[in-house]
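What follows is a single structure, written as structure tokens, with notes after it.
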Amino acid sequence: MISVNKLNVSYKTDSGVARAITDLDMDVHEGETMGLVGESGSGKSTLGLAMMRILPKNAQILSGSIQVDGTDLMSLSTGKMRRLRGETISMVFQGAMNSLNPLMTIERQVSEPLIIHNMAQGEDALERGREVLRKVGLKSAVWKQYPHQLSGGMKQRAVIAMAIITNPKILIADEPTTGLDVVTQMAIVKLLKDTQRERNITMIFISHDLPIVTKIADRISIMYGGRLMESGTTSEIVRSPRHPYTTKLLASVPDVRGDHLISGIPGEPVSALRLPAGCLFRERCENALKECSSYNYEIGYQEKDHVAFCINTGAV
Amino acid sequence: MAAASYSTYLARRVILTVVSVFIIISFNFLLFRVLPGNPITLLYRSPRLTFNQEKALSIEFGLNRPEWVQYILYVKNALEGNFGISYYYKVSVTSKIIPALENSLILLIPATIISILLGIYTGVFSAWRENTKADVAVLQTAMAFYAMPTFWLGGIFILIAIYIGGIPVAGEYSVGSTSIINLMEHMALPLLTLVLVYYGQFTIMMRNSLRDVLSEDYILTAYAKGADSKRILYSHAVPNAMLPMISLIAINLGLMVTGAILVETVFSWPGIGYLIYQSIGHLDYPMLQGAFIIVTFSVVLANLLADIIYGLVDPRIRYR
Amino acid sequence: MNSQTEVMDYIKGSMRRTGSGVLGFWNRYKRNKIGVAGLGIIIFFTLMAILAPVISPYNPNTINSSLYLSPPSSAHLLGTDSLGRDLLSRDFYGAQISLIVGFAAAAISVFVGLVIGLYSGYFGGWADEILMRVTDFFLVIPTLVFMIVIAAVIGPSLVNVILVIGLLSWPSTARTIRSMVLSIKNWPFIESAMINGGKSNYIIFRHIAPNVFPVVFANAVMSVASAIFAQASLVFLGVGDITDISWGGTIHNAFAFGAVSAGMWWYVIPPGLFIILVILGFTMTGYSLEEMFNPKKRGF
């Protein structure tokens, strides 16, 4: 369904070129949920934006491809890509933040994709918008309200409604539970899971919060410093992690505000501006060996779909 | 409940406006009393006034009574639009100010509207093409006009108009004429000057406001929906960028008035600005004071209006 | 990212990039073409002001009644004014008043704005409410009219004009500083200083003020431009000491003696161009400094 091959993305900044994604390979099968996990700066959000081709202007896709059903998204014209966006591939952003236009009523924003893609107009579009809003659990009192009148959880539901109204094949959810309280987080995860099953959507669930991801994902990919560290089914990742970084993530708990990990991982994440040679995680790794500094990302462990990029997987 | 919050917002604005009006009046009362020498003489007595005029003034403003009575009478008179008698014209200040204010508005209202529209248009153009050559060109043009002293640009236009010939460069009408065409001919240069000097700030404001909005999350959401540039710009970005513009325009109304004073002086346009200029030369303090109060009131009231509009347009204030 | 972390990142960032020295700062500044051009213009006019007695062909106050309103000639490159004084010399000398008023008034307004912004932001509550309402009031009223009335009443001497401009131009500085203080106040080390009962004035001036300094600096440079603008406008309207030589005054004379309607461009255009250039110089420099210091204006 989705196939990412040797993808390289960088950002031009005042302080130099930042490598956001390096040599990333990833496959997502139809109807499954792929969890994409990493700390901030791991390149997970960049991957989401790259799939939609809505990266910031200073971003550059250096090489590689992202294929959906065999079509390379990078080769599509801007017009074709725009028609795909919101119709075939939808994205759910962090709704508790600023993802909704403060000057538009909820129902108008939610039904807008239908109008954009000529699927419905006027009152018909609004009616279908209300239908989806009801489905995600938002009552009629909310429909004509403005974003600031809604709670974080309600906003997140509205954002989800907006993304699924066109019946997309692919849904990319970027930190959809961040900034919400724990109870609401669970409700949103359940909503996404139900929606995904019901409509057979292929979903990519991006989060820094591995425990949450394990509740929804069929498979999980762990990223660090723009590279893939480990990838496997959820049970493989949880029961037998092979990468030291994964084990550290599993032991971490998100903080109260939910946007940082209080982790047992010492040290700072690597800077995308100055990626060190060798294994990116080695400076924070307890199991680091001398050879790690010359490690070149050969597969260190593989069993079927479960791969880990570490030469000392035995130590875990 | 929602309506109650909006009225709270409005009530707060109205109270602040009333306070501002009182501050302005009180400041004037004080200003003319910190003068060296005998302030009352300076303010209310002039060799040019007749004995009867002086006597009437003295009663109206309670000049022989205690200071606090004078203050109350001063506030009362000011609120009723009575600012005393002009030294120079020997008639009531108000009778001179009202027609001048009308003339100013004839010039200032179209100039404000045109420069705001032009500024918004060029600002959107620029922000959408951020950091391209077109953006830089628009921005530099706007900044160049903005840096030009109003009176100097007016002077340049007069030089050009005289070189070409046939374009009126002074006054509101030719002698004996009252036709609209004649008015518009006279208005052309002052209007052009004002628009050119003032659109630039709106360009820069709109460009910055829109640029901030374009980096908001909800714009990314709109992209993700598959919206094209036109929809992103006109359904999402511009309406949001207009909100701060309303406040900024209101704040800059004072500056617009400043420009009007200079332009009216350059083109001898018989508005309140020209009146102020002449009063400086005549040392006509009552006139200066009256004009100052009227101009400041107008700006403060226009700000109140802008606040009311802002509240109506922004749902975050309307439904709190 | 909220504004708080943004400011924090910016401070850290600018420290990292500039180093602590003047040299590091200059290395970063000189990459900004607009800023360098602006600084060049400022230096040009500063030299003009200092060297005016040397480069002027005539004494700017020498009256030559037989030569009034004469057009440009080899003896008087820009002609003479209504009293037969050499216009080129007067245009050179005009730089002095502009810069004096500009710097002095800007210093006053930035100082007042800084103090009000610091206190208002730091203490919050009622003090903040009142100070900000006063600030809004000054921000909104037509300042030039205010200046005219006050200067006309107290007498338009050079010092009075500087005072009036300086004391009426602080509101935007105050607002900017206040919003910066509001976010700096929440920084951990400031918070802990406050909790540990540090003296308010000590915290404000020892910890907070140094952090707002870059922005104050950019603001001050911009303020010079608006002060020069205000002075030129006041003199043009006849509010000012007529014995001072200034660009606005020259343009005022040109209008008053009919030189404009007589098409004498050499009387009006040069002083106006000087005003534009000097204002652009300060604006460009201030804008570039702001761009360097303000994270929101930088790229991704």
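Every heavy atom of this structure was used, including side-chain atoms; hydrogens, water molecules and symmetry mates were not. As the structure is a prediction and not an experimental result, all values here were calculated from the model. Throughout, protein chains are lettered first and strands after them, A, B, ... in sequence-line order, and every chain is numbered starting at 1.
- For A:M91 against B:A224, the heavy-atom pair with the smallest separation is CB-CB, 4.2 Å.
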Working for side-chain contact (heavy atoms from CB on, under 4.5 Å), residues B:Y319 and A:Q149: CA-CA 8 Å; B:Y319 308 108; A:Q149 296 168 287; 3.2 Å; yes
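- Looking at heavy atoms from C-beta onward, A:Y146 lies out of side-chain contact with B:R316 at the 4.5 angstrom threshold.
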Audit row: B:L220, A:I54, side-chain contact (heavy atoms from CB on, under 4.5 Å) steps and yes/no: CA-CA 8 Å; B:L220 195 62; A:I54 49 174; 4.0 Å; yes
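- The backbone N or O of A:S99 sits less than 3.5 Å from a side-chain atom of B:T221, completing a donor-acceptor pair.
- If you measure heavy-atom distances from B:I219 to chain A, you find no contacts under 4.5 Å at all.
- For a residue to count as touching a neighbouring chain, one of its non-hydrogen atoms must lie under 4.5 Å from one of that chain's; by this rule A:M162 touches chain B with the side chain only.
- Heavy-atom distances place no part of A:R83 under 4.5 Å from chain B, backbone and side chain included.
- Contacts between A:L84 and chain B at a heavy-atom distance below 4.5 Å are absent for every atom of the residue.
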With a 3.5 Å cut-off and sequence neighbours excluded, list the donor-acceptor pairs that the side chains of residues 101-121 of chain A form with protein atoms.
{"unit_1": "A:N101", "atom_1": "OD1", "unit_2": "A:L103", "atom_2": "N", "d": "2.9"}
{"unit_1": "A:N101", "atom_1": "OD1", "unit_2": "B:N240", "atom_2": "ND2", "d": "2.9"}
{"unit_1": "A:N101", "atom_1": "ND2", "unit_2": "B:H236", "atom_2": "ND1", "d": "2.9"}
{"unit_1": "A:E107", "atom_1": "OE1", "unit_2": "A:R130", "atom_2": "NE", "d": "2.7"}
{"unit_1": "A:E107", "atom_1": "OE1", "unit_2": "A:R130", "atom_2": "NH2", "d": "3.4"}
{"unit_1": "A:E107", "atom_1": "OE2", "unit_2": "A:K144", "atom_2": "NZ", "d": "2.7"}
{"unit_1": "A:Q109", "atom_1": "OE1", "unit_2": "A:N101", "atom_2": "N", "d": "2.9"}
{"unit_1": "A:Q109", "atom_1": "NE2", "unit_2": "A:N101", "atom_2": "O", "d": "2.6"}
{"unit_1": "A:Q109", "atom_1": "NE2", "unit_2": "A:M104", "atom_2": "O", "d": "3.0"}
{"unit_1": "A:S111", "atom_1": "OG", "unit_2": "A:E107", "atom_2": "O", "d": "2.8"}
{"unit_1": "A:S111", "atom_1": "OG", "unit_2": "A:R108", "atom_2": "O", "d": "3.4"}
{"unit_1": "A:E112", "atom_1": "OE1", "unit_2": "B:K225", "atom_2": "NZ", "d": "2.5"}
{"unit_1": "A:E112", "atom_1": "OE1", "unit_2": "B:H236", "atom_2": "NE2", "d": "2.9"}
{"unit_1": "A:E112", "atom_1": "OE2", "unit_2": "B:R231", "atom_2": "NH1", "d": "2.9"}
{"unit_1": "A:E112", "atom_1": "OE2", "unit_2": "B:H236", "atom_2": "NE2", "d": "2.8"}
{"unit_1": "A:H117", "atom_1": "NE2", "unit_2": "A:R85", "atom_2": "O", "d": "2.9"}
{"unit_1": "A:H117", "atom_1": "NE2", "unit_2": "B:K225", "atom_2": "O", "d": "2.8"}
{"unit_1": "A:N118", "atom_1": "OD1", "unit_2": "A:Q121", "atom_2": "NE2", "d": "3.3"}

